[in-house]
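In what follows, a structure is listed as structure tokens, so that the remarks can point back to it.
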Amino acid sequence: MHSAIVLFAHGARDPEWAQPFEKMRTQIQARVSDTPVMLAFLELMQPSLSDAIASLDQQGVQHITLIPMFLARGGHLKNDLPKLIAQIQTQHPNLTLHLSPAIGEVDSILQQLSDWVVREHLMLQTQ
């Protein structure tokens, strides 16, 4: 086990908020069974990004693909995440972090969401 995936989400007070992210984590884990897949949160939920990465480092992970589960690149991704990554790299200098784009910046994901919206709209028109 040399690599891992971390899905990084905002977090919320309501534990049910994390259910879609946990479902995605489970689906991803089923497809890459030999790779740890973790959820990490910016605030209000655990584990934090720092704690998740520390845990992975203790497990011998050397490379982490970090996926921001945000639809838009706002202040958290522009300001907070770079600071977190800098701290993490200082604490874990042997880890390689690959920061992927926020999911809302990926054209294929936006296309799938747009397709779903159109299907929902058309389905209601036919009822």
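All values derive from a computational prediction rather than experimental measurement.
Evaluation of the side-chain contact (heavy atoms from CB on, under 4.5 Å) rule for Ser48 yields Gln46, Ser50, Asp51 as partners, not counting sequence neighbours. With sequence neighbours excluded, the residues that form a side-chain contact (heavy atoms from CB on, under 4.5 Å) with Glu22 are Arg25, Thr26, Leu39. Residues satisfying the side-chain contact (heavy atoms from CB on, under 4.5 Å) test with Leu122, not counting sequence neighbours, are Val118, Gln125. Qualifying side chain to side chain donor-acceptor pair (under 3.5 Å) partners for Ser55, counting only residues two or more places apart in sequence or in other chains: Gln59. Gln89 pairs by the side-chain contact (heavy atoms from CB on, under 4.5 Å) definition with Ile85, Leu97, not counting sequence neighbours. By the ring pair (Phe, Tyr, Trp, His ring centres under 6.0 Å) test, His92 is found to be paired with no residue, residues two or more places apart in sequence or in another chain being considered.
Proximity of Met38 to Leu56: side-chain heavy atoms (C-beta onward) are separated by under 4.5 Å at one or more points. Looking at heavy atoms from C-beta onward, Ile53 lies in side-chain contact with Ile64 at the 4.5 angstrom threshold.
Residue pairs meeting the salt bridge (charged side-chain N to carboxylate O under 4.0 Å, His left out) criterion with at least one partner in residues 77-94, sequence neighbours excluded, are absent. The salt bridge (charged side-chain N to carboxylate O under 4.0 Å, His left out) analysis of residues 6-18, with sequence neighbours excluded, yields no pairs. Evaluation of the ring pair (Phe, Tyr, Trp, His ring centres under 6.0 Å) test over residues 17-62, restricted to residues two or more places apart or in two chains, returns Trp17-Phe21. Counting only residues at least two apart or in different chains, salt bridge (charged side-chain N to carboxylate O under 4.0 Å, His left out) contacts with residues 101-120 comprise Arg73-Glu105.
Using bins of under 30°, 30° to 60° and over 60° for the plane-to-plane angle, the ring pair His10/Phe70 lands in the perpendicular bin.
A distance of 11.0 Å separates CG of Asn79 from CG of Leu84, quoted to the nearest 0.5 Å.
Other residues sharing a hydrophobic cluster with Val117 under the 4.5 Å side-chain heavy-atom criterion for ILVMFWY residues are Trp116. Under the 4.5 angstrom side-chain criterion for Ile, Leu, Val, Met, Phe, Trp and Tyr, Met123 has no cluster partners at all.
Remark: side-chain polar atoms of Gln29 are paired, donor with acceptor, to backbone N or O of Val37 under 3.5 angstrom.
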